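These notes are about the structure you will find just below.
None of the values given here were measured: they were computed from a predicted structure. Sequence positions, counted from 1, serve as the residue numbers for this chain.
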Amino acid sequence: IDEENYLEIPKIVLGIQKSGAVCLMINREDPEERIKYILKKSKSKLIISDNKEIGNWKLKIENLDIKRERLEKYNTEPSKGKGIQGQDTAFIIFTSGTTGAPKGIKVSARGLVNESYYKTRDMGSEKINMISLNFSLQYTASIEYICASFVLGKKLLIYSKQEIHDPYAVMKKAEENNLTYIGMTPSVLNSYLEIIEDSSSAKEKIALKKLKTIDLMGEKTYSQLAKRFYSQYPHITLNIEYGSSECLSCSYGFIPKDIKSGVLRKIKEGKAVRNQQVYVLDKDQKLLPINAIGEIYCSGYGLFNGYMGNKRENNSKFLTHPFIKGKKIYRSGDKGRIDIEGNLEVKGRTDDQVQVRGQRVELDEIREVIKTIPEIQEVLVQAKKTKKSYNLDMVCYYAVKDAIDTSRIKAVLERQVPKYMTPLYFIELDKFPLNQNGKINRDKLPEPKEEDLLKSEFVEPNTEIAKKIANIWQKVL
């Protein structure tokens, strides 16, 4: 699906599911080469799109534009097929990969139904008056929420693409529609709090009187964020979901606080949800004792059906279950531990995968793309929490054989990776600092500064209206 109008998406998804086909969301803002790779890798047979440009790509794929196509010519009789069944792959989600190319994750129908089931049983369906679609369509949560509205029989509140990228608009729409429940990334919540905490901002705090629960997902939630939120909204409960596209939600818990003293307890990722198992294992896949730190493994109904055409990833992540015969288990790459009460606490990563504003990013994928530039001698991409941001920001360190402008590096990235995977800072080094073992000493790398920010090039206004608007802003600023 490559559809600009989000209002059409749930209808299209339902039609694809009933036909028994697999659904793949395409982001038209991604580079053309990346979209072509995804379509080829997924072996897609049909594109549902209102994008005229796709017709110029000379792809051997049928293109159906539901706005212009005369749908009367198609058979309207109910499909004789069974539609999507439990263990069938319902969706394919492409995420960042370590080899310089995205990898396709096959999400099962059973896992999506289980997501709705645990929300009904553990949260209580009566506490959710409607489901809000306030995520990008390439984000796993969007697929989960669309399906949840079908399974739970709840109204689906659809946000526009503009509203999704505006944290204040997300909360404003929640207030206008009397939402009692909403999900979001910690970054979105933090950005909203920054707006209402800014005394110079013209935007006032939104009451959110009906809102009772916010689920935080996709990134690590820090205690400082929860403290700031609870000081503004003591009547709303923050919950935390832990999981990934490979296993959907594995654990779920609420972030408690003592309202009287305002003391917030340590944030943990909660307990395993219904029909899911979470383990902390050592390097030999043996169970570790309580509070011992190891690698997190997940299994159960939410487990994916493997990576599409990626034998190497399947062999390293989609493994034979060490405790349940005939089942599979997912090796997450996250470090963590489980306390005596069964609560999971995530302690970081065993590799270079990070979550940046809710999006999974393999830093090696960015590195591999930049290394294709002939002038680049060495490159390292890191995710750092800078002084200017609550969120993780990506920093690109590089050394060159020949002089190169950062705008050239940016241009190469824009042709091959999504915008969210372009580093915010670029720092050129004469040489990389090394430790005594001859490896890059990451602790000695310089901290990013204001001058290292990748700034957009100024484009002169070329119409009369644009010139008038630019002139007004010059006077104001």
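Note that OH of Tyr181 and NZ of Lys154 are 12.0 Å apart. Values are rounded to the nearest 0.5 Å. The CG atom of Leu7 lies 5.0 Å from the CD1 atom of Ile158; values are rounded to the nearest 0.5 Å. Within the model, atoms OG of Ser245 and OH of Tyr330 stand 8.5 Å from one another, a figure rounded to the nearest 0.5 Å. Taking CG of Leu179 as the reference point, atom NZ of Lys210 lies at 12.0 Å (rounded to 0.5 Å). Note that CG of Asn239 and CD1 of Ile214 are 9.5 Å apart. Values are rounded to the nearest 0.5 Å. Here NZ of Lys347 is found 9.5 Å from NZ of Lys335. Values are rounded to the nearest 0.5 Å.
Minimum heavy-atom separation, Ser299 to Gln276: O-OE1, 3.2 Å. Of all the heavy atoms in Ser249 and Val273, the pair that sits closest is O-CG2, 3.3 Å. Residues Ser108 and Asn305 share a closest heavy-atom pair of CB-ND2, 3.8 Å. The shortest heavy-atom contact between Leu303 and Ile329 is CD2-N, 4.0 Å. The shortest heavy-atom contact between Ile236 and Leu211 is CG1-O, 3.2 Å. The heavy-atom pair separating Asn134 from Ser132 by the smallest distance is OD1-OG, 2.9 Å.
With no hydrogens or angles considered, no side-chain donor-acceptor pair links Arg34 and Asn27 at under 3.5 Å.
A heavy-atom distance below 4.5 Å is not found between the side chains of Pro423 and Gln382. Taking the side chain as every heavy atom from C-beta outward, Ile61 and Leu39 approach each other to under 4.5 Å. Counting only heavy atoms from C-beta outward, the side chains of Pro418 and Asp30 approach each other to under 4.5 Å. Side-chain atoms of Val412 and Ile370, non-hydrogen and from C-beta on, never get closer than 4.5 Å to each other. A 4.5 Å side-chain heavy-atom check between Leu189 and Leu238 finds at least one atom pair inside the cut-off. For the pair Tyr301/Val113, no side-chain contact is recorded, criterion being any heavy-atom separation below 4.5 Å from C-beta on. At a threshold of 4.5 Å between non-hydrogen side-chain atoms, the residues Cys396 and Ile366 do not count as touching. Residues Ser142 and Leu133 have side chains in contact (heavy-atom distance under 4.5 Å, counting atoms from C-beta outward).
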Leu193 vs Leu225, test: side chain to side chain contact (heavy atoms under 4.5 Å, CB included). Steps then yes/no.
CA-CA 9 Å; Leu193 290 177; Leu225 175 66; 3.7 Å; yes
Would Asp393 and Tyr425 count as a side-chain hydrogen bond (donor to acceptor under 3.5 Å, both in side chains) here? Give the steps.
CA-CA 8 Å; Asp393 289 323; Tyr425 297 90; 4.7 Å; no
Does the pair Phe91 and Thr140 meet the rule for a side chain to side chain contact (heavy atoms under 4.5 Å, CB included), with working shown?
CA-CA 10 Å; Phe91 286 84; Thr140 311; over 6 Å; no
Would you please test Thr185 and Ser187 for side-chain hydrogen bond (donor to acceptor under 3.5 Å, both in side chains) and show each step?
CA-CA 5 Å; Thr185 64; Ser187 293; 4.7 Å; no
For a side chain to side chain contact (heavy atoms under 4.5 Å, CB included) check, start with the C-alpha distance between Gln232 and Glu197, then their side-chain angles and the critical distance, and finish with the verdict.
CA-CA 9 Å; Gln232 297 280 356; Glu197 290 168 348; 4.1 Å; yes
The test is side chain to side chain contact (heavy atoms under 4.5 Å, CB included); show your working for Ile48 and Ile16 and say whether it passes.
CA-CA 10 Å; Ile48 301 174; Ile16 292 172; 4.3 Å; yes
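For Arg274 (side chain) and Asn114 (main-chain N/O), no donor-acceptor pair under 3.5 Å exists by modelled atom type. Put simply, the side chain of Thr89 never gets that close to the backbone of Lys106: no donor and acceptor are under 3.5 Å apart. Within the 3.5 Å criterion, the main-chain N or O of Leu208 finds a donor-acceptor partner in the side chain of Glu175. Using a distance-only test at 3.5 Å, with no hydrogens or angles considered, no donor-acceptor pair links the side chain of Asp88 to the main chain of Ala90. Checked by atom type and distance alone, the side chain of Asn315 pairs as donor or acceptor with a backbone atom of Lys311 at under 3.5 Å. Judged by distance alone, the side chain of Gln138 and the main-chain N or O of Ile26 form a donor-acceptor pair under 3.5 Å. Using modelled atom types, no side-chain atom of Lys317 and backbone atom of Gly333 make a donor-acceptor pair closer than 3.5 Å. Listed for the His165 side chain is no donor-acceptor partner under 3.5 Å among the backbone atoms of Ser136. Proximity of a side-chain donor or acceptor of Glu269 to a complementary backbone N or O of Val346 within less than 3.5 Å is detected. With hydrogens and angles disregarded, no donor-acceptor distance shorter than 3.5 Å links the side chain of Tyr420 to the backbone of Val361.
When the ring-ring contact (aromatic ring centres under 6.0 Å, His included) test is applied to Phe135, the partners found at least two apart in sequence or on another chain are Tyr139, Tyr145. Checked against ring-ring contact (aromatic ring centres under 6.0 Å, His included), Tyr233 has the following partners two or more places apart in sequence or in another chain: Phe229. For Ser231, the side-chain hydrogen bond (donor to acceptor under 3.5 Å, both in side chains) criterion is met by no residue, not counting sequence neighbours. With sequence neighbours excluded, the residues satisfying ring-ring contact (aromatic ring centres under 6.0 Å, His included) with Tyr307 are Phe304. Take Lys268 and apply the side-chain hydrogen bond (donor to acceptor under 3.5 Å, both in side chains) test, not counting sequence neighbours, and it matches Asp339.
Residue pairs meeting the salt bridge (charged side-chain N to carboxylate O under 4.0 Å, His left out) criterion with at least one member in residues 131-146: none, sequence neighbours excluded.
Atom NZ of Lys36 is surrounded by more than 12 heavy atoms from other residues, nucleotides or ligands within 6.0 Å. Other residues, nucleotides and ligands contribute over 12 non-hydrogen atoms within 6.0 Å of the CD atom of Glu176. At most 12 non-hydrogen atoms from other residues, nucleotides or ligands lie less than 6.0 angstrom from NZ of Lys327. Heavy atoms of other residues, nucleotides or ligands lying less than 6.0 angstrom from NZ of Lys328 number more than 12.
Classification of Arg331 and Glu246 as a salt-bridged pair fails, no side-chain N sitting under 4.0 Å from a carboxylate O. Here Glu33 does not pair with Arg415 in a salt bridge; the nearest charged N to carboxylate O distance is not below 4.0 Å. Checked for salt-bridge contact, Glu8 and Lys11 meet the test: a charged N lies under 4.0 Å from a carboxylate O.
A cation-pi geometry, defined here as NZ or CZ lying under 6.0 Å from the six-membered ring centre and within 45° of its normal, holds between Lys173 and Tyr159.
In this pair, Tyr279 and His321 present their aromatic rings perpendicular. The plane angle is above 60°, beyond the 30 to 60° band.
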